[in-house]
Amino acid sequence: MQEYNHSEIEQKWRQYWEDHQTYRVEEDESKTKYYVLDMFPYPSGAGLHVGHPLGYIASDIYARYKRLKGFNVLHPMGYDAFGLPAEQYAIETGIHPAKSTSQNIDRYRKQLSQLGFSFDWSREVRTCEPGYYKWTQWIFTQLFDHYYDLSDNKAVPISKLISTFDQSGNADVHAFATPSRDFTAAEWQSFDAKQQAEILMDYRLAYRRIGYVNWCEALGTVLANDQIKDGVSERGGHPVEKRAMTQWYLRITAYAERMLNDLAQIDWSESLKTMQVNWIGRSEGAAVFFDIVDHSAQIEVYTTRPDTIFGATFMVLAPEHPYVQQITTDDQREEVDAYLEYVKSRSERDRQAEVKTVTGTFTGAYAINPLNKAKVPIWIAEYVLMDYGTGAIMAVPSDDERDQKFSEKFGIEIIDVVDKSDYPGAGLHDKVGKMINSGFITGMQVPEAIEAVCQKVEDEQLGSRQVNFKMRDANFSRQRYWGEPFPIVYDDADIAHVLPIAELPVELPPSDDFTPTAAGESPLARMKDWVALPNGMKRETDTMPAVAGSSWYYLRYMDPHNDESFVATEKVNYWKDVDLYIGGAEHAVSHLMYARFWHKFLYDLQLVPTAEPFKKLINQGMIQGVIESVLLDKDPIDGKQRFVCAKLAAARGDADFARIPVKIEFVNDYGSDESHLDLAGIQKFIDWRSTYQDAIFECIEGEVINGVFHPRENAVSPTFYTHSEVGKMSKSKYNVINPDDVINRYGTDCFRMYEMFLGPLENSKPWDTNGIDGVSKFIKKCWRLFFDLEGRLTVSDENPSKDELRILHQTIKKVEEDIERHSFNTCISHFMVAVNQLRAFKTQKRAIAEALTILLAPFAPHLAEELWQRLGHLASVHQASFPTFEAEHLVVSEISYPISINGKKRAEASFAANASKEDVEREALALDSIQKWIDGKTVRKVIVVPKRMINIVVG
RNA sequence: GCCGAAGUGGCGGAAUUGGUAGACGCGCUGGAUUCAAAAUCCAGUUCUCGCAAGGGAGUGUGGGUUCGAUUCCCACCUUCGGUACCA
């Protein structure tokens, strides 16, 4: 008996596709373009895991479907190759990131090839190659050379701004910027180069300013938030503090309004759009200046509730606020310093998330409420963040929960200013009610009061109306090696200059030392010869973040080898934008914000023809893994690090422990309540993480120190329980499962169909191979539909019967509809149903077999190709045309109706398809099976939904 | 904390616009085939009461709207994603 041999057949067709360049695509004006894009993979050292292909399979099915429908489909793949993990790996192992990245890419490529995707590999890009990052750097130079003009509502060259300054100063400049002062043309001309450069920085779309980083003294490096767990470094558990550094920023906030408005023109899920709307966080309010008693400086606050200003009984500055040092009184100095020390150790996320206990300290200084001249104390507190708004708030304890908690804790006066008694059920933040205790606005309704205060503030020049965004400008500097160098040099006066295109790319210099300098500068700062240029200039030593390369890669795929331009105009005018983008929801804000921002900027420069990059977007769910971790006691005893088994730790509470991830292969019974390390597992863990070599592992049976078990009483062996949770499959969680084994055993087509069969694309689900046999059986059954036991084709040229045509067209209809709505799991079910039904016929008719093969081609491209060839075709099935659905094959004369009594199904009956409502009702009521339910009761109502159901209401 | 999503049999899931809850598949049970096993095929399989016929309950929890709710509304619980230097 000849069975379907997946490894041989799949191998054969992959070779054929490569030899024949089946998926190569060129611009073709005679066809409609369709661009199907996958989110850019980062080539992780753990290889491709079973979660990655989920989206790729879906997009591949759709791309293949669109080709069968006659579209010219662009479906490329490449690598987001710069990033922290490769650098981290280099620090640990000494292997250069370029080398490990290239090896990882090779592995990815091999794995991707095995999945039978229809990528045009001639278009592959890698962000870490100079030919690519030349253009990332070039786009940065354009951002540096432009500012956002609010009159034109777009990016405008900075040269135009300079000539305006020359002619009339900045009084008439209407720009999205952060100017620190007003000046005339004469003043501008009198400024020296340094002063002028600093002023321009307030306008540029790429600019420098001070920002805060997570500095870990013990590791001597800046940490990503991801590398910090429970306030200490994930690696080693060392303290982390905030440190100020001058860094590059991108003025993404200039585009906030447009990014918000243009959401209306793109086909993304409402939930995703909502996330972006909330991230942008547009609010309308007022900026108001408060005088400080005995100081000349003023504190600027931004408030969305200017109406509540009479209830502002104190002010709060962010601990990092520049005024804190100067206004703190001698009496309070010690307390303030101690508090600042505390805040340094707190992560931004902790500071925002903290609600149970508020903390803060009085500075000793007072401010004057500009409207009622009340003297109010100035406090500092961690819940005010320097990067939000102005880094200072007027606190209104009567109308804000945080302020309320704060005033309760520290005994600060609360003045009720809004009477909401006319609005029962209104929340604290609803802008309704009548003003009380509020000077000239007392008695006004809230909206009216907001308007009145804004007007007064403007009339008396105490501030101005303002639109604010919660979104902040993007920090674009990394003190790291493995990223794009900035195309920036500094002169003697520390003025930044961009390099002209002729000097791009600025290549990343070879190095084998990837640790930052003692001062926290990037590793590049160590390379004096590279930093210092012959002309006396010095290079910028920070590098760009990984989002740089991924913010425009979809454009490069249109023209990947162009050395004259980031993309040729005629190519971008043909491919325009991405029609379907599939990727994880974890990119909902970060990547999708940056890419939209860059695209709009390029649109302003007339370099791309559309205002939005991604027309339709689907978030694939995540295939999750099990994260296993051991619990490290945050308080070492006698300086010894101590791990405590999860069952012992449970008694003490989570807060006392840091979770240190463990490779799942070390863990016995991983994923269950009983997951644990045995003695060998502990040994593997300390061999792998040598920093914990001397740590103590405490469990119920005793302690393990340096791999030696010290039992308590008569215990024989230790069971060190680990903490397990469902979560992301990620190299950093050491829980990656590769697809290779599954493919070897079941074949690519089976793997592809199984991943789709798992459930809806958008849902997250833990990886599990239970059920893959069902798909495997389906493929075999499908094969047997075409061949007898000796492997002879059993397809005949007879005309198909009515039943066969009905089965086929039912399947065409359902599969087509479901592909269109990206419901791939149900497509697989439809195929199974079709094959089960067709098995009733001894031989298959050619017309049915061929159509079914084409339907199957996007899902099981190898199998379909083999069937197609055996059916006698010479060209690839992927160049065929999708079969056309013909409704006449589905016409039925009778329809089966469920009949319910009071909403509960009690009977079933068939009625003619063309029967009238009245006929159906009369016949239904006459049925014996119904009579017994309505006997002796009153029929109050009969609902007949034609072709659907009948409901009889009795009482 | 805040923003977003999900929750349906033993398991993955289906039900597209408010209209037969559990399609399809896994697993399980029984049977056929076989010396035996694998493979294959056939039948059954939400829970519960019942010999059966036939009832009752049922889509995370509690309420509501409706002739009718997995689907709409309100409140809550749990899990997952994001939270600005993982990508």
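Since the model is a prediction, treat every value here as computed from it, not as a measurement.
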Pairs under 3.5 Å (N/O, protein and nucleotides 56-64 of chain B):
residue : atom : partner  : partner atom : Å
B:G56   : OP2  : A:Arg906 : NH1          : 3.1

Between the protein and nucleotides 15-19 of chain B, list every N/O to N/O distance that falls short of 3.5 Å.
residue : atom : partner  : partner atom : Å
B:A15   : OP1  : A:Arg821 : NH2          : 3.1

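Counting heavy atoms of neighbouring residues, nucleotides and ligands inside a 6.0 Å radius, atom NZ of A:Lys813 does not exceed 12 of them.
Interface remark: the A:Arg940 side chain does not form any donor-acceptor pair with the B:C67 base, using a distance-only criterion of under 3.5 Å.
Nearest to the side chain of A:Met832, among B:C24, B:C85, B:A84, sits B:C24. Listed candidates were B:A23, B:C26, B:G82. Nearest to the side chain of A:Ser829 is B:A23. You'll find that the side chain of A:Phe757 is closest to B:G12, out of B:G81, B:A21, B:G12. When the nucleotides B:C85, B:A84, B:C3 are ranked by their closest atom to the side chain of A:Arg349, B:A84 comes out on top. Considering only side-chain atoms of A:His587, the nucleotide from B:A87, B:U20, B:C85 that sits closest is B:A87. If you check B:A14, B:C67, B:C24 against the side chain of A:Asn836, the one that comes closest is B:C24. Which of B:A14, B:G27, B:C85 sits closest to the side chain of A:Lys777 comes down to B:G27. Looking at the side chain of A:Asn214, the nearest of the listed nucleotides B:G4, B:G12, B:C85 is B:C85.
Atom P of B:C49 sits at a distance of 25 Å from the matching atom of B:G63, rounded to the whole Å. The same atom, P, is picked in B:A69 and in B:G1; the two are 34 Å apart, to the nearest Å. Nucleotides B:G25 and B:U46, compared at atom P, are 15 Å apart to the nearest Å. Across B:U33 and B:A37, the matching P atoms stand 12 Å from one another, rounded to whole Å. A gap of 15 Å separates the P atoms of B:G7 and B:C73, to the nearest Å. Atom C1' of B:U17 sits at a distance of 23 Å from the matching atom of B:A5, rounded to the whole Å. If you take atom P in B:U16 and the same atom in B:U48, they sit 29 Å apart, rounded to whole Å. Between B:A15 and B:C86, the two C1' atoms lie 39 Å apart (nearest whole Å).
Between A:Ser823 and A:Thr826, the side chains place a donor N or O and an acceptor N or O closer than 3.5 Å (distance only, hydrogens not considered). A side-chain donor-acceptor contact under 3.5 Å links A:His830 and A:Asp818.
Following rounding to the nearest Å, A:Gln810 (CD) and B:A23 (C1') show an atom-to-atom distance of 12 Å. Note: CZ (A:Arg478) to P (B:A84) measures 11 Å, nearest angstrom. One atom, CG of A:Asp768, and another, P of B:G10, lie 17 Å apart when rounded to the nearest Å. Atom CD of A:Gln247 and atom C1' of B:C85 are 9 Å apart (whole Å). Atom C1' of nucleotide B:A87 and atom CZ of A:Arg480 are separated by 13 Å, given to the nearest angstrom. Regarding A:Gln276, its CD atom lies at a distance of 16 Å from the P atom of B:A84, rounded to whole Å. The CD atom of A:Glu270 sits 15 Å away from the C1' atom of B:C3 (whole-angstrom rounding). One can place CH2 of A:Trp767 at 15 Å from P of B:G12, the figure rounded to the nearest angstrom.
Residue contacts shown for A:Val222 include a base, since a base heavy atom lies under 4.0 Å away. Across all strands shown, A:Gln479 has heavy atoms under 4.0 Å from base atoms, whether or not it also approaches the sugar-phosphate. Across all strands shown, A:Met471 has heavy atoms under 4.0 Å from base atoms, whether or not it also approaches the sugar-phosphate. Looking at heavy-atom distances under 4.0 Å, A:Val277 makes no contact with the nucleic acid at all. Across all strands, A:Lys781 comes closer than 4.0 Å only to sugar-phosphate atoms, never to a base (heavy-atom distances). Using a 4.0 Å heavy-atom distance criterion, A:Ser590 is classed as a base contact. Contact annotation for A:Gln88: no contact, since no heavy-atom pair falls under 4.0 Å across all strands. Within the nucleic acid shown, A:Pro760 comes within 4.0 Å of sugar-phosphate atoms alone, with no base atom in reach, counting heavy atoms only. Contact annotation for A:Ser44: no contact, since no heavy-atom pair falls under 4.0 Å across all strands. Contact annotation for A:Pro545: no contact, since no heavy-atom pair falls under 4.0 Å across all strands.
Each of A:Tyr133, A:Tyr132, A:Tyr481, A:Phe40 was scored for a ring pair (Phe, Tyr, Trp, His ring centres under 6.0 Å) with A:Phe82, with one residue passing: A:Tyr133. For the side-chain hydrogen bond (donor to acceptor under 3.5 Å, both in side chains) with A:Gln247, the qualifying choice from A:Arg209, A:Arg208, A:Gln479 is A:Gln479, the only one to do so.
With both pairing distances under 3.5 Å, B:G58 is matched to nothing as a Watson-Crick or G-U wobble pair. B:A69 makes up no base pair with any nucleotide shown, lacking Watson-Crick or G-U wobble contacts both under 3.5 Å. B:U83 is paired with B:G1 under the criterion used here, namely a Watson-Crick or G-U wobble arrangement in which both key atom distances are under 3.5 Å.
If you look at A:Phe911 and A:Tyr897, their ring centroids are closer than 6.0 Å. Residues A:Phe831 and A:Phe859 bring their aromatic ring centres within 6.0 Å. Ring pair A:Tyr249/A:Phe476: centre-to-centre distance not below 6.0 Å. Aromatic rings from A:Tyr4 and A:Trp783 are positioned such that their centres are separated by under 6.0 Å.
Salt bridge absent: A:Arg243 and A:Glu521 never bring a charged side-chain N and a carboxylate O closer than 4.0 Å.
For A:Asn278 and B:C2, the shortest distance from a side-chain N or O to OP1 or OP2 is not below 4.0 Å. A sub-4.0 Å separation between OP1 or OP2 of B:A84 and a side-chain N or O of A:Asn225 is present.
Cation-pi check for A:Arg596 over A:Trp552 is not met; the charged atom does not lie both under 6.0 angstrom from the ring centroid and within 45 degrees of its normal.
Because its glycosidic torsion is within 90° of 0, B:G9 is reported here as syn.
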